[in-house]
S.K.: 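One structure follows; several queries about it will come next.
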Amino acid sequence: MALKTASNQNKYENIEMLLLSATYDGFRKKAVLKFYEPKNKEIYLWHDKSDHKPYCLIGRDGIDSNFLDELKTKNKFGPGKILKIEKITKIDLLQDKKIELWKVIADNPLVIGGIDNSLRNLIKTWEADIKYYENYMYDNGLIPGIFYKIINNKIIPVEFNLSEQAQTILKQELNDNETELNEKIINWAKLLDQPLPEIKRVSLDIEVFSNEINKFPGADEAEYPIRSIAFVGSDNLKEVIIRKEKEHPIGKNTLEKDVRIKFVNEEKELLENTFEILRKYPCVITYNGDDFDLKYLHNRANKIGINKSNIPIQMGRIEANLKHGIHIDLYRTFINKSIQIYAFGNKYKEHTLNAVSSALIGKSKIEFEGSISELSDYELAKYNYNDALITYELTSFNDDLLMKLLLVISRIAKMPINDVSRLGVSNWIRSMLYFEHRTANALIPRKDDLKFEEEVISSATIKGKKYQGGMVFEPKSGIHFNVTVLDFASLYPSIIKVHNLSYETVRCNHKEDKQNIIKGTNHWLCKQRKGIASTLIGSLRDIRIKYYKQLPKMKGLSKNEQELYSVVSQALKVILNASYGALGAEMFPLYYLPVADATTAIGRNIIKETIEEAQRNDIEVIYGDTDSLFIKSIDNNKIEIMRNWADKKLEMELDLDKTYRYVAFSTLKKNYFGVMKDGTVDIKGFTGKKSHIPLFIKDAFYSAINELSLVETSKDFENAKNNIRIDIKKRNRLLKNEEIPLEKLAFNIMLSKPINMYTGTVPQHVRAAKLLNEDKKKGDIITFVKTIGGEGVKPLQLAKKQDIDKRKYEDLMKSTFDQLLDSLGYSFDEILGATKLEDLFWPKK
DNA sequence: ATCTGTGGCCACCAGC
DNA sequence: GCTGGTGGCCAC
């Protein structure tokens with residue numbers, strides 16, 4: 001593609017630059033490509049005003065002739081004009097044939113907002129794509145997050161050669177007969193093995209106070225002047241700019257010496273200094289900057305009359321962005337469930353800066369007495385700086401883990417980092433699948449094209465769910481020594497790959513395929529064509545299992561390489577895991593339940609057949625859940641037999657997951673604990689480990705687990721039992737004597753929706769929340785204790801020791817331990833000996 | 001405006 | 001007191 005630069009064209013020649021994003025400047029009617037050059041830490045902007053006209057494509061793939069006529073007859077086309085109409089040919093995967101469409105290029109992507117309602121509705125039925133940059137990037141062969149250079153005014157991707165180790169592994173692992181898939185896998189390796197550069201960035205945090213008590217300054221009105229702004233940059237920038245106000249004492253500087261504190265008198269000066277800093281960075285990091293910090297800065301700058309062109313912030317509908325770079329609002333990243341669970345192991349629960357930073361980097365906001373608006377200048381600077389610092393550190397800990405993760409996801413999903421950081425996993429997968437369609441010149445189906453009859457779907461085990469899921473087996477309760485856990489690597493993605501599952505292959509249109517029924521379902525499978533989702537998800541699955549799982553085993557890898565591989569592996573895990581779920585989620589644009597239904601059905605068949613095969617080989621299976629089986633053997637030969645069988649008969653990879661010294665199953669599913677050879681304990685599902693349980697119970701539970709981890713042979717259980725008894729008795733005595741601090745008796749339960757949405761039943765944590773004066777929102781964790789009388793609960797802050805309903809805690813202790821002891825063949829009452837717990841609390845007179 | 005899935009256990013609520 | 005339903009957290 002030919003591009004002209006806004007200025008100083010030569011400086012771009014042959015420099016390796018990372019593509020951050022492509023945006024459309026609707027005002028100037030041109031595309032803006034944002035590049036970053038890591039070596040010199042420079043920002044490059046390309047303004048595309050080439051023959052590729054300012055750009056709008058209506059219709060995701062193009063439009064059919066009916067709609068084209070409609071468009072032409074409408075004289076008025078919003079503020080935009082049709083510039084060019086091109087005939088294009090696409091492949092309709094569902095009908096398995098070619099179709100002709102028209103691609104309309106107009107001079108303003110905002111036309112859709114300007115057209116009349118009848119046309120708007122028509123466009124809606126065509127699912128017009130106003131995400132112009134997706135088309136733009138695809139049309140120009142651009143992938144965000146990878147390196148390009150400009151040679152002779154053309155943007156050329158930088159070629160990276162695969163390392164020798166990589167080539168060796170790919171040669172070993174790839175099947176000779178799957179050429180098409182292999183090509184895809186190699187392409188993934190080339191894409192994902194590109195180096196992950198450090199992205200120069202700065203975090204920003206602002207402090208504003210309203211004059212009125214209890215009124216939080218709103219960013220829309222930006223009514224109050226900003227008092228201070230703090231920055232922490234990847235280039236060691238540490239700075240706080242404070243606007244001096246007469247009423248505040250200057251105070252004493254207790255910040256580290258390398259933090260620069262700059263005083264200014266006017267707000268204008270404060271903002272201009274800030275903008276000058278922002279312009280030096282291609283990436284700015286905030287916590288809630290979309291809704292507050294950047295929005296406030298932008299609106300405030302407008303308000304005090306700073307020229308629009310001198311404000312480097314651009315406000316979008318849902319995000320605040322930099323004109324010259326990207327903005328990552330970490331609040332929106334950490335609220336993403338996939339990031340929370342898969343990338344950060346569910347370490348944090350709430351999504352405030354304080355909650356996330358204390359969980360991930362062990363640092364919290366500065367606490368102080370009284371009102372923040374009364375702090376002295378230096379005290380405020382310290383507070384402000386600390387917020388900016390922890391915001392920055394959330395992107396830098398573990399060697400920039402988060403930034404690297406976002407960059408890798410950006411490469412996989414073909415989505416700019418700023419969008420990756422804001423949008424949910426279904427959007428990543430949408431973007432990835434759309435890109436795949438465009439590359440294959442395939443029509444992206446509309447929701448209406450993907451219809452199915454509800455009767456053909458299996459019925460779910462759980463009421464309220466749409467289809468049947470994984471299979472959980474009854475555990476053989478009791479203690480089992482020497483147990484091996486086998487599990488299928490990426491079961492669902494593997495099924496999608498091996499069984500050719502995709503929206504156009506499950507229940508396909510070919511008559512001759514209708515006999516290829518999936519056992520236990522109504523669905524048949526296409527044997528004539530490869531499904532597009534199957535190939536894509538399959539290739540991702542293969543690159544993870546055949547490549548990134550093997551690479552760390554290679555010798556001689558540098559630390560950087562190891563790190564790259566672990567980050568990529570993590571990102572692949574997140575996306576693979578979600579790709580099956582997205583196909584079964586109604587809001588997903590390529591939602592087609594038969595695929596999800598077929599996936600789990602095949603999964604159930606696979607685990608059932610595997611267990612049968614184990615039994616044929618005299619291997620006792622004591623438990624299984626969805627993709628795993630627990631066998632009572634540590635015999636390597638037997639394990640190898642199973643692995644080979646799975647490989648040959650199922651085309652599935654059955655891995656040795658772990659070996660337990662012993663496992664104890666209760667009679668319940670999803671409830672067990674296992675002790676490994678080195679003494680580490682796995683605890684699954686027990687009430688005692690759940691996060692909402694009071695510490696009083698949890699401490700007792702873990703102390704018992706600790707005793708049990710010391711058990712080597714069956715004889716040791718007696719001893720463990722004794723120790724547990726002594727420990728519980730001690731703890732119960734403390735409870736009885738009111739010597740347990742109230743905090744340790746507190747439950748922590750999250751509001752999953754706004755308080756007023758709890759209609760019908762009112763759960764305890766909601767009752768407690770209502771007793772508080774504070775305004776509790778969705779996502780907040782309510783901390784409360786169980787009390788005698790009243791609502792039966794009180795928020796921790798309002799409770800006193802004499803309120804506590806000790807009997808409730810006694811009951812919980814008993815049920816928690818019964819669940820655990822059940823697996824050992826004991827009961828709580830029995831373990832406590834002749835004295836019943838009740839007698840401890842309420843001795844008979 | 002945003003949102004990946006089902007299976008399973010527990011405590012509690014609300015109605016009978 | 002029983003029971004079906006709700007809500008929360010966890011396993012996979």
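Note on naming: letters A, B, ... go to the chains in the order of the sequence lines (proteins, then strands), and numbering restarts at 1 for each one. None of these values were measured; they are calculated from a predicted model.
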S.K.: Examine B/dC13: is either OP1 or OP2 under 4.0 Å from a nitrogen or oxygen in the side chain of A/R767? Give yes or no.
M.R.: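 Answer yes for this pair, as a side-chain N or O of A/R767 is under 4.0 Å from OP1 or OP2.
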S.K.: Would you classify A/A596 as touching base, sugar-phosphate or nothing, given that sugar-phosphate means primed atoms plus P, OP1 and OP2, and contacts are heavy atoms under 4.0 Å?
M.R.: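 No contact.
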S.K.: Need one value for A/D487: base, sugar-phosphate or nothing, where a base atom within 4.0 Å counts as base even if backbone is also close, heavy atoms only.
M.R.: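 The residue A/D487 makes no contact with any strand.
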S.K.: Classify A/M750 by what it touches in the nucleic acid, base, sugar-phosphate, or nothing, heavy-atom distance under 4.0 Å.
M.R.: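 Sugar-phosphate, no base atom in range.
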S.K.: Think A/Y758 has a side-chain N or O under 4.0 angstrom from the OP1 or OP2 of B/dA14?
M.R.: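 Checking B/dA14 against A/Y758, no side-chain N or O comes under 4.0 Å of OP1 or OP2.
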S.K.: Measure across A/S534 and A/K497 and return the closest heavy-atom pair with its distance rounded to 0.1 Å.
M.R.: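 Shortest heavy-atom contact: OG-O, 3.3 Å.
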S.K.: Have a look at A/S338 and say if it touches a base, only the backbone sugar-phosphate, or nothing, with a 4.0 Å heavy-atom cut-off.
M.R.: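 Answer is base: heavy atoms of A/S338 come under 4.0 Å of a base.
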S.K.: Below 4.0 angstrom from OP1 or OP2 of B/dA11, is there any side-chain N or O of A/S815?
M.R.: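 So the side-chain polar atoms of A/S815 do come within 4.0 Å of the phosphate oxygens OP1 or OP2 of B/dA11, strictly under.
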S.K.: Is any side-chain N of the basic residue among A/D625 and A/K670 closer than 4.0 Å to the acidic one's carboxylate O?
M.R.: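 A salt bridge links A/D625 with A/K670.
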S.K.: Identify whether any heavy atom of A/I683 sits under 4.0 Å from a base atom; if not, whether one sits that close to sugar-phosphate; answer base, sugar-phosphate or nothing.
M.R.: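 Answer is sugar-phosphate: A/I683 comes under 4.0 Å of backbone atoms only.
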S.K.: Tell me which of A/Y342 and A/V766 sits closer to the 5' end of DNA chain C, going by the nucleotide each one is nearest to.
M.R.: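 By nearest-heavy-atom nucleotide position, the 5'-most residue is A/V766.
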S.K.: Taking only side-chain N and O atoms of A/H765, does any of them lie within less than 4.0 angstrom of OP1 or OP2 on C/dG8?
M.R.: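 Yes, A/H765 has a side-chain N/O under 4.0 Å of OP1/OP2 on C/dG8.
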S.K.: Examine C/dC10: is either OP1 or OP2 under 4.0 Å from a nitrogen or oxygen in the side chain of A/K690? Give yes or no.
M.R.: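 Negative; the distance criterion is not met.
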S.K.: OP1 or OP2 of C/dC12 versus the side-chain N and O atoms of A/Y672: is any pair under 4.0 Å?
M.R.: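 Answer is yes, contact under 4.0 Å.
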S.K.: Starting from the 5' end of DNA chain C, give me the residue, A/T759 or A/K684, whose nearest nucleotide shows up first.
M.R.: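 With A/T759 and A/K684 compared, the 5'-side residue is A/T759.
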S.K.: With nearest nucleotide decided by heavy atoms, which residue, A/Q468 or A/N577, maps closer to the 5′ end of DNA chain B?
M.R.: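 Its nucleotide being nearer the 5' end, the pick is A/N577.
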S.K.: Does A/T761 make a side-chain N or O approach to OP1 or OP2 of B/dA14 shorter than 4.0 Å?
M.R.: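 For A/T761, the contact criterion (side-chain N or O under 4.0 Å from OP1 or OP2 of B/dA14) is not met.
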S.K.: Are A/F334 and A/F344, when compared by the centres of their aromatic rings, separated by less than 6.0 Å?
M.R.: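 Yes, the ring centres sit under 6.0 Å apart.
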S.K.: How is A/V425 classified with respect to the nucleic acid when contacts are heavy atoms under 4.0 Å: base, sugar-phosphate, or nothing?
M.R.: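 Base contact.
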